[in-house]
Amino acid sequence: GVEASANSSTRPLPTTGTQVKRQAPALTVEEVLALPAAVELTTAARALGIGRTTAYTMARTDQFPIPLLRLGNQYRARRSDLLSLLGIEE
(Lines give C-alpha, C1' and ligand atoms only; values in the text may rest on other atoms or scores of the structure.)
Protein backbone atom coordinates (compact mmCIF):
# COMPACT_ATOMS: atom_id res chain seq x y z
CA GLY A 1 0.00 0.00 0.00
CA VAL A 2 0.87 3.66 -0.24
CA GLU A 3 1.78 5.38 3.02
CA ALA A 4 0.79 9.00 3.60
CA SER A 5 3.67 11.28 4.42
CA ALA A 6 3.62 13.27 7.65
CA ASN A 7 3.07 16.49 5.67
CA SER A 8 0.07 15.35 3.64
CA SER A 9 -3.32 16.47 4.85
CA THR A 10 -5.89 13.71 5.10
CA ARG A 11 -8.28 15.54 7.40
CA PRO A 12 -11.87 15.69 6.14
CA LEU A 13 -13.28 19.08 5.26
CA PRO A 14 -15.50 20.62 7.95
CA THR A 15 -19.17 20.01 7.28
CA THR A 16 -21.15 21.60 10.11
CA GLY A 17 -20.95 24.82 12.01
CA THR A 18 -18.03 26.10 9.96
CA GLN A 19 -18.20 28.74 7.30
CA VAL A 20 -15.37 29.09 4.81
CA LYS A 21 -14.77 32.73 3.89
CA ARG A 22 -13.93 33.35 0.27
CA GLN A 23 -12.81 36.65 -1.15
CA ALA A 24 -14.88 37.84 -4.08
CA PRO A 25 -13.04 37.54 -7.37
CA ALA A 26 -11.27 40.63 -8.67
CA LEU A 27 -13.16 42.71 -11.20
CA THR A 28 -12.48 42.35 -14.92
CA VAL A 29 -11.45 45.31 -17.08
CA GLU A 30 -14.97 45.39 -18.52
CA GLU A 31 -16.49 45.49 -15.02
CA VAL A 32 -14.19 48.33 -13.94
CA LEU A 33 -15.08 50.32 -17.07
CA ALA A 34 -18.78 49.84 -16.29
CA LEU A 35 -18.49 51.22 -12.74
CA PRO A 36 -20.21 54.51 -11.82
CA ALA A 37 -18.16 57.66 -11.20
CA ALA A 38 -17.73 56.83 -7.49
CA VAL A 39 -17.82 53.37 -5.93
CA GLU A 40 -17.87 51.91 -2.43
CA LEU A 41 -14.55 51.05 -0.81
CA THR A 42 -15.24 47.31 -1.09
CA THR A 43 -15.82 47.59 -4.84
CA ALA A 44 -12.59 49.55 -5.31
CA ALA A 45 -10.79 46.97 -3.19
CA ARG A 46 -12.13 44.12 -5.34
CA ALA A 47 -10.90 45.90 -8.46
CA LEU A 48 -7.44 46.02 -6.88
CA GLY A 49 -7.51 42.50 -5.46
CA ILE A 50 -7.56 43.75 -1.86
CA GLY A 51 -9.68 42.04 0.80
CA ARG A 52 -12.41 43.89 2.69
CA THR A 53 -10.72 43.97 6.10
CA THR A 54 -7.39 45.05 4.63
CA ALA A 55 -9.14 47.75 2.58
CA TYR A 56 -10.81 49.27 5.64
CA THR A 57 -7.56 49.12 7.61
CA MET A 58 -5.74 50.85 4.74
CA ALA A 59 -8.50 53.46 4.45
CA ARG A 60 -8.42 54.28 8.17
CA THR A 61 -4.63 54.70 8.07
CA ASP A 62 -4.53 56.64 4.76
CA GLN A 63 -2.68 53.81 3.03
CA PHE A 64 -5.25 52.86 0.37
CA PRO A 65 -3.46 53.07 -3.00
CA ILE A 66 -5.83 55.71 -4.42
CA PRO A 67 -7.39 58.79 -2.82
CA LEU A 68 -10.70 58.12 -1.06
CA LEU A 69 -13.67 60.37 -0.46
CA ARG A 70 -15.05 60.28 3.07
CA LEU A 71 -18.82 60.71 3.18
CA GLY A 72 -19.96 60.51 6.78
CA ASN A 73 -18.85 57.07 7.90
CA GLN A 74 -18.49 55.72 4.35
CA TYR A 75 -15.56 55.67 1.95
CA ARG A 76 -15.89 56.15 -1.80
CA ALA A 77 -13.31 55.89 -4.56
CA ARG A 78 -13.40 57.65 -7.90
CA ARG A 79 -13.55 55.36 -10.92
CA SER A 80 -11.07 57.63 -12.72
CA ASP A 81 -8.49 57.00 -9.97
CA LEU A 82 -9.03 53.25 -10.25
CA LEU A 83 -8.63 53.35 -14.03
CA SER A 84 -5.46 55.40 -13.72
CA LEU A 85 -3.87 53.09 -11.15
CA LEU A 86 -4.80 49.99 -13.15
CA GLY A 87 -3.53 51.53 -16.39
CA ILE A 88 -6.92 51.21 -18.09
CA GLU A 89 -7.81 53.78 -20.74
CA GLU A 90 -11.44 54.67 -21.42
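Quantities reported herein were computed from a predicted structural model and do not represent experimental measurements.
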Checklist line | Test side chain to side chain contact (heavy atoms under 4.5 Å, CB included) applied to Leu82 and Thr43, step by step | finding: CA-CA 10 Å; Leu82 276 174; Thr43 302; 6.0 Å; no
Next item on the list: Starting at CG of Leu71, measure out to CD of Glu40 and round the result to the nearest 0.5 Å.
Entry: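 Interatomic distance, Leu71 CG to Glu40 CD, rounded to 0.5 Å: 11.0 Å.
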Counting distance only, does the side-chain N/O of [X] pair as donor-acceptor with the main-chain N or O of [Y] below 3.5 Å?
| X | Y | result |
| --- | --- | --- |
| Arg79 | Val32 | no |
| Arg52 | Thr54 | no |
| Ser84 | Ser80 | no |

So, do [X] and [Y] sit near enough that their side-chain heavy atoms are less than 4.5 Å apart?
| X | Y | answer |
| --- | --- | --- |
| Thr42 | Tyr75 | no |
| Leu83 | Glu89 | no |
| Leu48 | Leu86 | yes |

Next item on the list: Identify whether Phe64 and Leu69 are in the same connected component of the hydrophobic contact network (ILVMFWY, side-chain heavy atoms under 4.5 Å).
Entry: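 No, because Phe64 and Leu69 fall into different hydrophobic clusters, even though each may have its own neighbours under 4.5 Å.
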Margin query: Tell me the closest heavy-atom pair linking Ala55 and Ala45, and the distance in Å.
Written below: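 In this case the closest contact between Ala55 and Ala45 is CB-CB, 3.6 Å.
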Item checked: Considering all heavy atoms, the nearest Ile66-Ala77 contact ->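 Scanning both residues completely, I find the closest heavy atoms to be CD1-CB, 3.7 Å.
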Check: Is it true that atom CD of Glu31 has more than 12 heavy atoms of other residues, nucleotides or ligands lying nearer than 6.0 Å?
Finding: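 Yes.
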